[in-house]
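Input: a single structure, listed below in structure tokens.
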Amino acid sequence: MNSYLDTFNPPQRAAVEYCEGPSLVIAGAGSGKTRVLTYKIAYLMEHGYQPWSILALTFTNKAAGEMKDRIAKIVGVDYARMLWMGTFHSIFLRILRQEHEKIGFSANFTIYDAADSKSLVKSIIKEMELDDKTYKPGTVLGVISNAKNQLVTAAKYVSNPANAQMDARHNMAALGQIFMRYCSRCKQSDAMDFDDILLYTYLLFEQYPEVLEKWEQRFRYVLVDEYQDTNYAQHRIVWQLTRQHQHVCVVGDDAQSIYSFRGANIDNILNFQKIYSDSKLFKLERNYRSTQNIVEAANSLIKKNSHQIQKDIFSENDRGEKLHVLDTHSDIEEAKMVVNAIRSIKRREGCEYSDFAILYRTNAQSRVFEDTMRKEAMPYRIYGGLSFYQRKEIKDVIAYFRLAVNPNDEEAFKRVINYPARGIGQTTVAKILAMATQHEVSLWSVINSPEQYGLGVNKGTLTKIGQFREMIESFIENAQKMPANQVGTMIVKQSGIIADIYQDTTPENLSRQENVEEMINGMQDFCDMRMEEGNENISLSDYLSEVSLMSDVDSDKGDDEHKVTLMTIHSAKGLEFGTVFVVGLEEGLFPSDMVSGNPREIEEERRLFYVAITRAKTHCYLSYAQCRFRYGQMEFSAPSRFLKDIDPKYLDRQQSMFSSRRGVDDEVELPWKRVSSGERPAVRPFRPTIPSVKPIPSARPTPVGSRPSTVSSLSVGTHILHNRFGRGEILRLEGAGDNMKATVQFENVGTKQLLLKFAKFEVID
């Protein structure tokens, strides 16, 4: 029955078989962590543990689903289905719904998403007659979220004098009262936010010992995946559930702890053996993914960190080649060298484009690689986000540019007439649109002659429309006499976009700032390159023509062919590729100038670099540019300190193969600063720690009709096209009528069980 144990190496097998007490499994990159955790659960079920007595906590639904599918192949689908396996929030939400009366909620309490929470905070700030420029909703919510994740209730927050002093220093003395009112309003609305799920679970167990005892007895064994990513609240709840029986196994890698900006606390895994004094440590040190050179180079890097659990990761794969360091002159050259290297390796080894990944520190860095790959006709995809020119803030800026060139552009007009908010609501826009339709003129014509076209709005609204019109008129005038980069910078500033995205330091706004800055960089670069080609007058219209071609390529989301993957390093965790390019290895960029000088944060940046390197199986390239556009001007940079942390015997340094020396303007003015040639700009108040981006829309077309096929036409072996899961083959049918279910093996999402009366699919054979 336990034949699968024979497939493990000795440390893996020991970690699976040890079930007598608490255990910490340190799983190095590529060491088979998921297999160990999966088969340990199966092992427990084969040795007397009922599935409903096992609690397995993960950080993503995908991870839970994949493990459950693997377990089902060993113990059976029905048995595996009874496991309590899922994300922290999904599992604890189930518990809270069962125990709702104890915490004063109904069984059907609502979960507020981020938008709901922000809307409520905005309302409270307005009701309290506070200045929303001082009490920025995003900042306020960040403080509330951090407090809850430290298990600090609103009452505790207000009663702590240190919090009052800190809030007063930040000119937000009323923050505690906002926190109190926010929690009270949520309770009145029978609603929780995401952080409340953890907070209320902890309070439930803390305040009702009999409830805790019930769930302690229910969960005879608790397993936690990616323990290095747990925050304080998650760690404390795991302790509550396991402190009596201590049947707990946590799996993770302190060397891959890279999510402190989300509240993850590396101390949870570093101190596990102190908290569980009888715990046993298992080290999975064999890397099955990478060549020996890649593994040993990564080891030499991470050994520079002082706070870690010592381990010696090794590989028994081929020695492999050294890591290639690309010393390039500029970001443009860097992108070109990467593209050339991809072509060369693909041609030499016959691999696919999907075997390549380009990893960068911040999301905005994708632009130069996207532009280069478009020009080179190399297929690519942005993993976990949108292509540069499809990001909201970029489309907003471009809409203003379009109006400056063509004020009759209806779609651009509608997009920005009230962004940033200027008090021109949808009702007013609808009236403008109605008059334009009635008189067969553009929306711009209507607001230029509102009385002539009978626009029925009050005097205050008319004033706001007039201010918008005057602003666009000034853009039109300047677009006719200024080069694209100058008028673009002016528009970004005077439209109010800069003021809007610099409101607070939320990860979302930090990423938006980075993206808009990169757009200004791109405009400067575009103008410089055109000038070198002999074009003296580069207009905003010229730039828009270029961007429209790029956006047109972006709109093609087909994924039929293999594509190079572009992503942030944070997004790459858990993935692997034959060849990996880690780009932008420059001081101020990686490590980020947000963290320079802070030892704890520098160590996390180094762990992030470690994660990047260990995604590579065969080839790893590390590149940096001596100069790149930052803050709208060409800035000279030093190579990242992390390159010096790698033992040089593992590195092969390659000089630039291309020459693209270009001049730099003596002085460039940006909306937020003025900098001179040869002078490094002062570090901004904040820079992104990780980009926050929207998910990619589904690339697959929705099946025509998207309606359930006739159940009677189905049989084992039938191929279907599901609305969400794609192509699949029916493996089993059970039940009858409205209760008929089908177990389907899908090409890309694994095995799913569908209740046919609700399933949306088409039979395709």
Check this for me, if you would: do [X] and [Y] make a salt bridge, where the nitrogen-to-carboxylate-oxygen distance has to be below 4.0 angstrom?
{"X": "Glu518", "Y": "Arg367", "answer": "yes"}
{"X": "Lys395", "Y": "Glu411", "answer": "no"}
{"X": "Glu576", "Y": "Arg289", "answer": "yes"}
{"X": "Lys617", "Y": "Asp355", "answer": "no"}

Would you kindly say whether [X] and [Y] are connected by a side-chain donor-acceptor distance under 3.5 Å?
{"X": "Gln308", "Y": "Asp254", "value": "no"}
{"X": "His619", "Y": "Glu349", "value": "yes"}
{"X": "Asp652", "Y": "Tyr621", "value": "no"}
{"X": "Thr565", "Y": "Arg381", "value": "yes"}
{"X": "Arg415", "Y": "Tyr400", "value": "no"}
{"X": "Gln365", "Y": "Thr362", "value": "yes"}
{"X": "Gln292", "Y": "Ser315", "value": "no"}

Who pairs with [X] by side-chain contact (heavy atoms from CB on, under 4.5 Å), at least two apart in sequence or on another chain?
{"X": "Thr618", "result": "none"}
{"X": "Ala742", "result": "Ile730, Leu733, Val744, Leu756"}
{"X": "Val339", "result": "Arg343, Thr372, Met373, Glu376, Met378"}
{"X": "Lys73", "result": "none"}

Counting only N and O atoms by type, is there a donor-acceptor contact under 3.5 Å from the side chain of [X] to the main-chain atoms of [Y]?
{"X": "Glu393", "Y": "Gln513", "result": "no"}
{"X": "Ser300", "Y": "Asp647", "result": "yes"}
{"X": "Asn485", "Y": "Met523", "result": "no"}
{"X": "Gln228", "Y": "Asp253", "result": "yes"}
{"X": "Ser387", "Y": "Tyr389", "result": "no"}
{"X": "Glu517", "Y": "Glu514", "result": "no"}
{"X": "Glu587", "Y": "Arg641", "result": "yes"}
{"X": "Glu285", "Y": "Asp312", "result": "yes"}
{"X": "Ser344", "Y": "Ala341", "result": "no"}

The residue among Arg606, Lys303, Lys304 that forms side-chain hydrogen bond (donor to acceptor under 3.5 Å, both in side chains) with Asp645 is Arg606
Give me the atom names and distance for the closest heavy-atom approach of [X] to [Y].
{"X": "Val595", "Y": "Glu605", "result": "CG2-CG, 3.4 Å"}
{"X": "Asn293", "Y": "Gly320", "result": "ND2-O, 2.8 Å"}
{"X": "Asp229", "Y": "Gln256", "result": "OD1-O, 4.3 Å"}
{"X": "Leu575", "Y": "Ser571", "result": "CD1-O, 3.9 Å"}
{"X": "Ala297", "Y": "Leu323", "result": "CB-CD1, 3.7 Å"}
{"X": "Tyr624", "Y": "Leu585", "result": "CB-O, 3.1 Å"}

Could you work out, with side-chain hydrogen bond (donor to acceptor under 3.5 Å, both in side chains) as the rule, every residue matching [X], not counting sequence neighbours?
{"X": "Ser541", "value": "none"}
{"X": "Glu66", "value": "none"}
{"X": "Ser366", "value": "Glu370, Arg391"}
{"X": "Glu334", "value": "Ser623, Arg628"}

Could you list the residues that satisfy salt bridge (Lys or Arg N to Asp or Glu O under 4.0 Å) with Arg70, not counting sequence neighbours?
none
Does [X] have any ring-ring contact (aromatic ring centres under 6.0 Å, His included) partners at least two apart in sequence or in another chain, and if so, which?
{"X": "Phe8", "value": "Tyr39"}
{"X": "Tyr650", "value": "none"}
{"X": "Tyr610", "value": "none"}

Give the C-alpha distance, both sets of side-chain angles, the deciding distance and a yes or no for salt bridge (Lys or Arg N to Asp or Glu O under 4.0 Å) between Lys375 and Asp371.
CA-CA 6 Å; Lys375 293 171 184 175; Asp371 290 354; 5.8 Å; no
Can you list the steps and then say if Tyr259 with His570 is a side chain to side chain contact (heavy atoms under 4.5 Å, CB included)?
CA-CA 8 Å; Tyr259 293 118; His570 284 93; 3.7 Å; yes
Go through the steps for Ile613 and Val580 under the test side chain to side chain contact (heavy atoms under 4.5 Å, CB included), then give the verdict.
CA-CA 7 Å; Ile613 291 173; Val580 166; over 6 Å; no
Please test Ile71 against Met85 for side chain to side chain contact (heavy atoms under 4.5 Å, CB included), starting from the C-alpha separation and ending with a verdict.
CA-CA 11 Å; Ile71 294 167; Met85 178 182 284; 3.7 Å; yes
Intermediate values then yes/no, side chain to side chain donor-acceptor pair (under 3.5 Å), Arg512 and Asn509
CA-CA 5 Å; Arg512 292 168 68 201; Asn509 265 359; 2.6 Å; yes
Verdict with supporting geometry, Met67 and Thr34, side chain to side chain contact (heavy atoms under 4.5 Å, CB included)
CA-CA 8 Å; Met67 283 196 287; Thr34 303; 4.0 Å; yes
Report yes if the distance between the aromatic ring centroids of His562 and Phe356 is under 6.0 Å, otherwise no.
no
Would you say the ring centroid of Phe609 lies under 6.0 angstrom from that of Phe590?
yes
Interatomic spacing from OG1 in Thr7 to CG in Asn9 - rounded to 0.5 Å
9.5 Å
Going by side chain to side chain contact (heavy atoms under 4.5 Å, CB included), Ile646 matches just one of Ile302, Leu651, Val325, Asn299. Which one?
Leu651
